Amino acid sequence: MSTTDTVTPARAGRREWLGLAILSLPALLVSMDLTVLHLAAPAISADLRPSAAQLLWIVDIYGFLIAGFLITMGTLGDRIGRRLLLLTGAAAFGVASVVAAFSPNAETLIAARALLGVAGATLAPSTVALVRNMFHDSAQRTTAISIWFMSFMAGSAIGPLIGGALLEVAWWGSTFLIGVPVMVLLLALGPVLLPEYRAPLPGRMDLLGGLTALVAILSIVYGLKRVAEHGLTVAPLVTVAVGLVLGTVFLRRQRTVAAPLLDLDLFRLRTVSVSVLALTIGAVAVGGVGYLSAQYLQLVADQSPFMAGLWMLPPLLTGIITTIVTPIVGHRIGPGARTTLGLVVATIGLLVVSRTNDDSGVGYVVAGLVLLFGGIMPVLALGVDIVVAAAPPARTGAASAITETAQELGIALGIAVLGSITTAIYRQQMRDVVPPEGVPADAAEAARTTLGAAGEVSAQLGPALLESAERAFTDGMRLAAVASAVMLTITVVIAAVALRRVQATGGGPH
């Protein structure tokens with residue numbers, strides 16, 4: 001076919017960009033609900049008086065079910081219609097938010113959070129798939145997905161800020177009501193601004209495969225979170241191992257079923273496999289180092305939760321700017337070069353964080369996070385774009401679920417692995433610091449385990465104990481940042497080699 005015969009993809013107009021604005025709102029809320037509850041936990045404990053296990057489930061079950069249902073919901077949207085699934089999920093999200101806000105007991109709140117998780121899993125893959133359907137021009141699509149991804153990342157960062165502000169003037173249930181007007185707006189404007197799309201011949205839904213994927217992902221994420229909280233004990237490691245075995249069974253099944261939930265042929269494309277790797281390792285760095293930095297700001301730098309959230313705004317704003325600007329100024333640069341450059345900048349940021357000490361204040365942490373977010377967020381957005389663009393139109397919902405699942409697992413893995421590194425260093429350095437006399441045995445053991453407990457015990461034993469604990473935690477965080485930088489460096493080499501011949505237009509070998 002000659003150049004003159006090549007069909008130019010239709011460019012999006014005002015309706016599509018307005019639709020993108022509508023799609024960005026649920027992306028913002030889904031990620032916001034992952035963190036908005038953290039500051040409300042004490043108020044919920046005082047009001048509903050949940051047990052320790054119930055409080056854990058109130059906080060965690062939302063993220064667990066989002067991660068577990070993403071693949072199934074992405075495929076379901078391809079079959080029944082992405083707009084239909086999005087609007088159904090939005091209605092369920094709004095109802096569950098109201099139930100959660102006015103929950104009279106812990107059991108009701110856990111059930112409402114569970115429904116929020118399932119509804120949230122319908123929103124993320126549906127929104128990305130609809131963006132793919134609405135923006136056919138590659139440059140416009142890249143910009144649109146970058147804006148969507150920016151909204152998703154912004155939600156998790158501003159969640160604590162909004163939650164903290166609401167808790168100053170209202171009761172804990174107000175943190176759940178934020179999403180209700182947004183979902184009402186989506187239900188009102190979605191049918192007007194958003195197109196419907198479903199696969200023409202979807203085939204029979206693989207329910208057994210969906211159940212296997214759900215249990216596998218829940219087991220892995222649950223085990224990793226327990227590792228982060230309690231260290232490398234037998235029970236969470238067995239849970240992770242069970243999840244990995246079930247994940248292997250699921251992948252083998254996808255090779256044999258007529259209508260697989262996961263299109264494994266996508267991973268034959270070099271750009272897709274490297275992009276998923278970058279998404280996962282990038283999420284490890286952002287999730288793990290971001291988690292540890294938040295603790296440092298509050299427990300070592302002595303910032304309030306709200307001020308710690310404010311200190312996280314410069315990294316977030318930098319990431320937003322680079323995510324929007326990179327597709328515009330870098331459209332002539334191939335995805336390999338853009339991925340490599342972003343990962344290099346992020347790695348430098350991690351090395352800056354590793355220079356932090358217990359006396360340095362917030363400077364190294366914030367500066368390092370600025371470079372980390374500024375480098376990694378455009379890479380993650382580009383990875384979502386590459387994977388979704390590579391999928392056939394009938395499978396974009398399932399493809400977007402791959403990117404979301406990679407990020408969810410990466411965040412959980414980052415918190416668990418990097419948190420375990422920090423905890424191990426902390427325990428090693430604190431082993432002989434807490435005296436055996438003068439403090440109850442359980443309190444002494446807690447002080448040797450966590451910085452927060454050491455702060456409480458130091459009221460009895462003097463400031464020297466707290467100084468040692470802060471130094472031990474900071475040393476652990478520094479080593480975790482170096483370990484994360486090593487992982488990103490390996491990913492840089494893989495991306496530079498595997499994507500070196502991929503052109504800016506998306507051509508080249510895959």
Side-chain angles (χ1 to χ4, degrees), residues 22 25-70 72-73 76-77 80 83-127 152 155-156 158-190 214 218 221-222 225 404 408:
I22 294 297
L25 293 176
L28 184 77
L29 284 174
V30 167
S31 59
M32 186 188 300
D33 262 36
L34 288 168
T35 57
V36 72
L37 194 61
H38 291 174
L39 297 180
I44 292 173
S45 296
D47 188 15
L48 302 184
R49 300 199 175 279
S51 66
Q54 286 177 326
L55 183 61
L56 195 64
W57 282 113
I58 288 171
V59 174
D60 286 344
I61 196 169
Y62 174 77
F64 284 165
L65 292 185
I66 281 184
F69 275 98
L70 277 170
T72 300
M73 291 302 179
L76 181 62
I80 70 171
R83 186 180 68 185
L84 174 61
L85 182 65
L86 175 67
L87 297 180
T88 303
F93 198 96
V95 171
S97 297
V98 174
V99 174
F102 297 99
S103 294
N105 51 56
E107 293 81 2
T108 304
L109 182 54
I110 292 171
R113 288 280 287 173
L115 180 57
L116 280 169
V118 177
T122 71
L123 299 176
S126 296
T127 52
F152 187 81
S156 60
I158 66 175
L161 290 178
I162 293 178
L166 286 174
L167 290 171
E168 292 288 335
V169 297
W171 93 113
W172 59 264
S174 63
T175 59
F176 292 107
L177 296 179
I178 305 169
V180 175
V182 173
M183 293 307 169
V184 170
L185 183 65
L186 177 60
L187 290 170
L189 298 181
L214 172 65
L218 288 179
V221 174
Y222 178 82
K225 286 181 73 69
E404 295 294 326
E408 292 287 345

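If you're wondering where the values come from, they're calculated on a predicted model, not measured in any experiment. This chain uses plain numbering: 1 for the first residue, then up along the sequence.
- Separation of atoms CG (Leu28) and OG1 (Thr127) is listed at 11.5 Å; rounding is to 0.5 Å.
- Checked against side chain to side chain contact (heavy atoms under 4.5 Å, CB included), Ile178 has the following partners two or more places apart in sequence or in another chain: Leu29, Met32, Val36, Ile162, Leu166.
- Applying the side chain to side chain contact (heavy atoms under 4.5 Å, CB included) rule to Leu55 yields the partners Ala41, Ser45, Pro50; only residues at least two apart in sequence or on another chain are considered.
- For residues 102-113, the pairs satisfying side chain to side chain donor-acceptor pair (under 3.5 Å) are Gln54-Glu107, Asn105-Thr108, with sequence neighbours left out.
- Listed by first then second residue, pairs satisfying ring-ring contact (aromatic ring centres under 6.0 Å, His included) with a partner in residues 87-110 read Phe102-Trp171, not counting sequence neighbours.
- Shortest non-hydrogen contact noted between Ala101 and Gly173 is CB-O, 3.2 Å.
- For the pair Val30 and Tyr62, the minimum side-chain heavy-atom distance is below 4.5 Å.
- The two residues Val180 and Gly94 come nearest to each other via the heavy atoms CG2-O, 3.9 Å.
- If you take CG on Leu214 and CG on Leu65, they are separated by 7.5 Å, rounding to the nearest 0.5 Å.
- Heavy-atom minimum distance, Pro26 versus Leu186: CG-CD2, 4.0 Å.
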**Item:** Step-by-step side chain to side chain contact (heavy atoms under 4.5 Å, CB included) determination, Leu86 to Leu123
**Value:** CA-CA 5 Å; Leu86 175 67; Leu123 299 176; 3.5 Å; yes
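- Not a single side-chain hydrogen bond (donor to acceptor under 3.5 Å, both in side chains) links Ser126 to another residue, sequence neighbours left out.
- When all heavy atoms of Ala119 and Gly89 are compared, the closest pair comes out as CB-O, 3.6 Å.
- Considering only residues two or more places apart in sequence or on other chains, Ala67 meets the side chain to side chain contact (heavy atoms under 4.5 Å, CB included) condition with Ile217, Val221, Glu408.
- Note that the CE atom of Met183 and the CG atom of Leu87 stand 10.5 Å from one another [nearest 0.5 Å].
- Leu187 and Ala90 make their closest contact through CD2-CB, 4.2 Å (heavy atoms, listed as atom of the first residue, atom of the second, distance).
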**Worked check of side chain to side chain contact (heavy atoms under 4.5 Å, CB included) between Leu76 and Phe69** = CA-CA 10 Å; Leu76 181 62; Phe69 275 98; over 6 Å; no
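- Between Leu115 and Val99, the closest side-chain pair of non-hydrogen atoms is not below 4.5 Å.
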